[in-house]
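Take a look at the structure set out below.
Residue numbers start from 1 in every chain, and the chains themselves are labelled A, B, ... in the order their sequence lines are given, proteins ahead of strands.
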Protein chains: 2
Amino acid sequence: MTSGRVTIADVARRAGVSTAAVSKVVRGAYGVSAEMQAKVTQAIDELGYRPHAAARALRGRTYTLGVMLSDTRNPFFPDIIEGVTGRLRDTEYQVLLGPGGIEPRTQARMTDAMIDRSMDGLILISPVMTDAELAAIAAAVPVVVVGRHGGAGASSAAYDSVVDDDVMGARLVVDHLVGLGHTRIAHITHLERARAQGLPHTVRAEGYRQAMRAHGLADDVLATSFTEEGGFEGARELLARDDRPTAIFAGADIAALGVLRAADEAGLSVPEDLSVAGYDNIGIASLKRISLTSVDQDGHVIGATAARLLVERIEGRSRSVASSVSPTLIVRGTTGPPRL
Amino acid sequence: MTSGRVTIADVARRAGVSTAAVSKVVRGAYGVSAEMQAKVTQAIDELGYRPHAAARALRGRTYTLGVMLSDTRNPFFPDIIEGVTGRLRDTEYQVLLGPGGIEPRTQARMTDAMIDRSMDGLILISPVMTDAELAAIAAAVPVVVVGRHGGAGASSAAYDSVVDDDVMGARLVVDHLVGLGHTRIAHITHLERARAQGLPHTVRAEGYRQAMRAHGLADDVLATSFTEEGGFEGARELLARDDRPTAIFAGADIAALGVLRAADEAGLSVPEDLSVAGYDNIGIASLKRISLTSVDQDGHVIGATAARLLVERIEGRSRSVASSVSPTLIVRGTTGPPRL
DNA sequence: GGGAATGTGTAGAACGTTCTACGGCATGGC
DNA sequence: GCCATGCCGTAGAACGTTCTACACATTCCC
């Protein structure tokens, strides 16, 4: 009695029915009378029965969805998580997060581990792996990819995807700055890596170039890294030039903070001497002391959409869906008209 | 061949041995000859066999450890995660994170879910639940609790715990400020909740009181909340007083940022008119623009310690261990001698 | 040379579910 | 009254491991 957990067999004995019947009731499957339903539910409550996920996994579902996080420090990842869990709150599904690390190797290890644990579906956030690897995973389990812009169109049938429209986000920033009167607008991006194709920073940089071109302006992209230090170094280099830019658009808020520091040290006041904009709208961007103009991705919507698509996929949809979430520009104190 | 995953039986067939033998090799159990070891390992590699966690769970271990996160926005939680995963990198264990939410109810749901999935052990980060609930969980599975100061001594036998020495951290701050010449030092803490006993903010406030008393100074604690807004409101109230404090020690960095904003708005310069110190040493505290004096908890060590204790526990230790990690004070630009 | 001890391997029963068959019982149409 | 047709319930075989027995060789010791 006290030893071991209560199983479906215990419930069946208590209710005076077969284990198969209990299983049906638990799963809400077809073919149970109201009377049976009542008897079994009562027995379940009395005994405090909880289904054993591992045993379920051997035949059916685990009702477990995995979210692989590429980088736990990603500032809007809590928003995405909240979106996912919020959407799934009233379902039977449970969400577990897998810290995949930044390395392709460790990410692969994590996805393997999630498949080994027979999760019903996976959400991969900014996965760093080849399209072939992605396709292999999607062949084993339903997958939704977040934050990775469509790779080779062909493979896209295997999984769904949710992205922020980074091209639009970049355009919003450029339009805003041009509207204020800026013409020399530089962009700081993340140093290109081998598998970076389709990753947000690449797309943002491309969106920036397109938007500048649309305004008939020359683009000016500098690749450092999406860190405070990276933003600082990049800005220092840009500000040392003869015809220094009057505005810097950093591809990530954390880099924008570094840009602000560089402006401080160069004795430039923001936004009079230099306008600064970021991307991601991280929490501290809204602090009065920082007040950074930034692009907001609404991670909440992204997460909720990913969860919805994944459940649809698990429950049978085979046609693949690519959803794009529109970002919004949050104008704050670090951008303004250039000094004449 | 293409259908379904490769099982232990496939490996056994290929190697020409029994499934039991393969199982032994996989688990590194006693009673395998070198020859058998070689044959089986080769077959495993050739077939790309991976053990099925759910099937394992039914009899043995799952090699899965769960980390329940009370709040995914907690700024040093990535450090803890990294400490945990770093420590476990070269073991067979996999770490999965469970977003438990802030509510006791959702946290309980998450721990139940983790137990249902037969995880081998659980690390609970700042769990909000009664000692009885905690004991119940610890009775079902090995548990290490992080960030919760020892409750009723008796129940402590059931699980291990790792805490930051918050009393010491608070003392470091007070000693530092007193050393600079401050005497009117106020403390902003988080509003008390029912189950908050033993939670960090309570202990920090108590440590502050002790330290002030040790210096023969009057304490001054104001409870708002650990948010930017909470810090702002608290500071505004404190700074409106006749004999306003010359230093404010906020129990969390995020609140300290609010204090800085309040100082800005009141036209007070930091640290000349007001010294400000925080707790947690979150990433942005080190940004030159903020440069906040803070207490560093070394989440990395905390996480690694928790992981070590959990594995020890799983592998047999029954005596319970309470580990305390010493914080360090990081002095930056927001603290200085008071203006005479 | 006859146990005892030791080392290697295997058979087969768990573990707690799900799911495919199928059986029994009403109902209803003819 | 007989056969199809639903509906409800059950038996029992999976699912992929682990683990307890036990069988079979060796080796060792007296």
Side-chain angles (χ1 to χ4, degrees), chain A residues 3-41 43-44 47-64 92 112-113 115-120 140-141 314, chain B residues 3-41 43-44 47-64 92 113 115-120 140 314:
Chain A
S3 80
R5 64 185 297 143
V6 23
T7 77
I8 210 174
D10 299 326
V11 176
R13 211 170 303 124
R14 177 91 165 210
V17 298
S18 71
T19 59
V22 177
S23 175
K24 276 193 192 176
V25 172
V26 169
R27 286 160 18 231
Y30 174 82
V32 269
S33 62
E35 187 197 8
M36 164 74 78
Q37 158 84 27
K39 263 193 307 190
V40 171
T41 320
I44 286 177
L47 297 175
Y49 165 77
R50 296 185 58 87
H52 191 308
R56 282 187 146 174
L58 239 37
R59 297 236 87 206
R61 305 217 180 138
T62 54
Y63 298 98
T64 308
E92 296 190 89
D112 279 348
I115 294 172
D116 291 346
R117 280 154 188 79
S118 31
M119 294 190 171
D120 292 341
V141 61
I314 290 172
Chain B
S3 81
R5 65 185 294 142
V6 23
T7 75
I8 210 174
D10 298 327
V11 176
R13 211 171 302 125
R14 176 92 165 210
V17 299
S18 71
T19 60
V22 177
S23 175
K24 275 191 192 177
V25 171
V26 169
R27 285 160 21 229
Y30 175 84
V32 268
S33 64
E35 188 196 7
M36 165 73 78
Q37 157 86 26
K39 264 193 307 190
V40 171
T41 320
I44 286 177
L47 297 175
Y49 165 77
R50 296 185 56 89
H52 192 307
R56 280 187 147 173
L58 239 37
R59 297 237 84 205
R61 305 218 181 137
T62 54
Y63 297 97
T64 308
E92 296 189 89
I115 293 172
D116 291 346
R117 281 153 186 78
S118 30
M119 294 190 171
D120 293 340
I314 290 171

Please name the pair of heavy atoms, one in [X] and one in [Y], separated by the smallest distance, quoted to 0.1 Å.
X: T62(A); Y: S118(A); answer: OG1-O, 2.9 Å
X: R14(B); Y: A43(B); answer: CG-CB, 3.8 Å
X: D120(B); Y: Y63(B); answer: OD2-N, 2.6 Å

Checklist entry - Between D116(A) and R5(B), does at least one N-O distance fall below 4.0 Å, as a salt bridge requires? => result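 Judged by the 4.0 Å cut-off on N to carboxylate O distance, D116(A) and R5(B) do form a salt bridge.
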Let me know the distance between [atom1] of [X] and [atom2] of [N], rounded to the nearest Å.
X: R59(A); N: dT17(D); atom1: CZ; atom2: P; result: 15 Å
X: R5(A); N: dT17(C); atom1: CZ; atom2: C1'; result: 11 Å
X: K39(B); N: dT8(C); atom1: NZ; atom2: C1'; result: 11 Å
X: R56(A); N: dC19(C); atom1: CZ; atom2: C1'; result: 14 Å

Show the atom names and distances, to 0.1 Å, of all donor-acceptor pairs under 3.5 Å that link a side chain in residues 26-41 of chain A to residues at least two apart or in another chain.
residue	atom	partner	partner atom	Å
R27(A)	NH1	S23(A)	OG	2.5
S33(A)	OG	M36(A)	N	3.2
T41(A)	OG1	Q37(A)	O	2.3

Item to check | Within residues 7-31 of chain A: residues closer than 4.0 Å to DNA chain C (heavy atoms) | outcome: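 T7(A), I8(A), A20(A), S23(A), R27(A) - these, ordered by number, are the residues of the stretch whose heavy atoms sit under 4.0 Å from the strand.
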Next on the checklist: Test side chain to side chain donor-acceptor pair (under 3.5 Å) on R117(A) and T64(A); report intermediate values, then the result.
Outcome noted: CA-CA 9 Å; R117(A) 280 154 188 79; T64(A) 308; over 6 Å; no
Next on the checklist: Which is more 5' along DNA chain C, the nucleotide nearest E35(B) or the one nearest H52(A)? Just name the residue.
Outcome noted: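 Its nearest nucleotide lies further toward 5', so the answer is E35(B).
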